[in-house]
Amino acid sequence: MTAHKMSTRTKAWSRFTARISHEAAAAGSQIFLLLLAALLLGCKPAIQKPAPAKARAEHVVICIWDGMRPDFVTASGTPTLHALAQSGTFFTNNHSQYITTTEVNGTVLATGVFPARSGIIANREFRREINPLASFATESVEAIRKGDELTGGKYLGVSTIAETVQKAGFSTAVSGTKPVALLQDRFFGRSGTRDSLMLFAGKSQSPAAFAEIVEELGPFPPLPSTDVTVENVKPNSAQDTWTTRALTEVFWKNGVPKLSILWLNEPDFSQHMTAPGSAAALAGIANCDTSLAAVLSTLETKGIRDKTDIFVVSDHGFSTVAKMINLVAKFKAMGIPAGREFKWAPAPGEVLVVNTGGSVCIYVAGHVSEMIQKVVDLLQSSDFAGPIFTKDPLPGTFSLKDAHLDSANAPDVVFSFRALPGPNQFGTPGLIYGELERGFGTHGTLGKADVNNLLIAAGPDIRAGFRDLFPSGNIDVAPTVLHLLGIKAPEPLDGRVLMEALAAVEWDAPKPQSKRMEATRQIGALTWRQFIQTTEFAGHSYLDEGNASLEK
Ligand SMILES: [Zn+2]
């Protein structure tokens, strides 16, 4: 017995205050806040065409704090970011793109298109032509090079904003502590202008610029020791500071380019080594704030702070593992021939399990349908699986397309671990099941703590003192940045320009609509029930959260 139904939980705004049905109660408080925001802004609940915007900024700086949750922006913990938010717009309802991990969102931030279109749907993927036996890291230099060779330069299906800005004749700077920064401008040196910078994880494709950086700052510092007890974890402040100084003190010496991207490793590093809210994580966040202060004061000194729009964004939120699951052991116990890699060319029906943090990608050799069903049966009888997405429709699952994961190389099954209520050992909300020891931080699920992430913008084009309650997403950053720079994207993008946050735009924003999609399946006496909730807004759809349960 299966059922697949879609219900709309949004009520007409005029009727909203008169009657809140218990079905809409969960979404009610959010909608009420949106209504309030709209009234405060003087928005009429009607769809009108956005007025043309006049951008004033000559520069855009995007600063990525890897894994930063919005609830850690405070006056005491992040004074610079807190003040920046006051002077600009805080996107309180921002969405990390599922699968809520670094490489997926690094690509989404770089391109403004869904994972299915860029081709990067996970931080580890399996593609036989790149590695016939095992998954590979999607941001690795080797995978990127081989992927571009195999596809005629289409490892990412569309252009990145750094490439687009360069093609328009301007220089760019990408400075990242982590390898993911390479995805922003991977052809550097082939199509990049000579006065641009491409720096990632202490390596560079700008030899001349790199030599100057090392001469001034010394070599890229080592990672803090990871061979320590949880209490003794130190944040990766040294590498983040070096990467920031490479941009602000060395590369910007000769001028600030049209677009600069600074990707910091914290608080992701400390939150993985401990969990969100630990002393190390808070120290990592404080150091990000110091880096941001350096960016702002350098722009100030150069007299261009008022000509620069600044975005501070994270790639994803963060959760804490409440219970450890060993998936391969569970599969094997059910007679599923599963492993983390193939020993030799797999026989049809062999199963490759690729952990990507809070979600898992499952590849079945030969796409043997009986084996795919067996995998899904196990997940739907479990206490740890959240929403399941399959390439081909199956009872009680969603399709990969529902989460924009239907890329050419997509796995047969993707599932998110289940999210749980309750705080972690530091009082930080957001617990999940995972393939990690209890008490450690990770991300990648459809739980709210992973999906809701940081986005703050400020500058001459950005509305001041605005708390944006409308849905936004990492996918909207690239279209907004290109809009502000007055540069047209070479192909249509999936994200939107964040009109409500632009100072020069009077926009009667349309009503956001919450939708809940459910899939159920009868498992003996129990019912498997999975849902995803999305919000539709201005012609765009945001995946808010998803979860699952097995009930009597
Ligand atoms: Zn990350």
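Whatever order the structure lists them in is the order used to number ligands and atoms, beginning at 1.
Ring centroid separation for the pair F318 and H272 comes in under the 6.0 Å cut-off. Aromatic rings of F220 and F200 (six-membered ring for Trp) have centroids beyond the 6.0 Å cut-off, not under it.
Cation-pi geometry between R467 and F90 is met: the NZ or CZ atom falls under 6.0 Å from the ring centre, inside 45° of the normal.
Within the coordination shell of the Zn ion (ligand 1), defined by N, O or S atoms under 2.8 Å, H316 is present. With a cut-off of 2.8 Å, the Zn ion (ligand 1) has an N, O or S atom of T102 in range.
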Before you tell me yes or no, could you show the steps for E435 and R340 under salt bridge (Lys or Arg N to Asp or Glu O under 4.0 Å), namely the whole-Å CA-CA distance, both residues' side-chain angles and the distance that decides it to 0.1 Å? CA-CA 12 Å; E435 291 195 280; R340 303 282 177 192; 2.5 Å; yes
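Rounded to the nearest 10 degrees, the angle OD1 (D66) to the Zn ion (ligand 1) to OD2 (D315) equals 90°.
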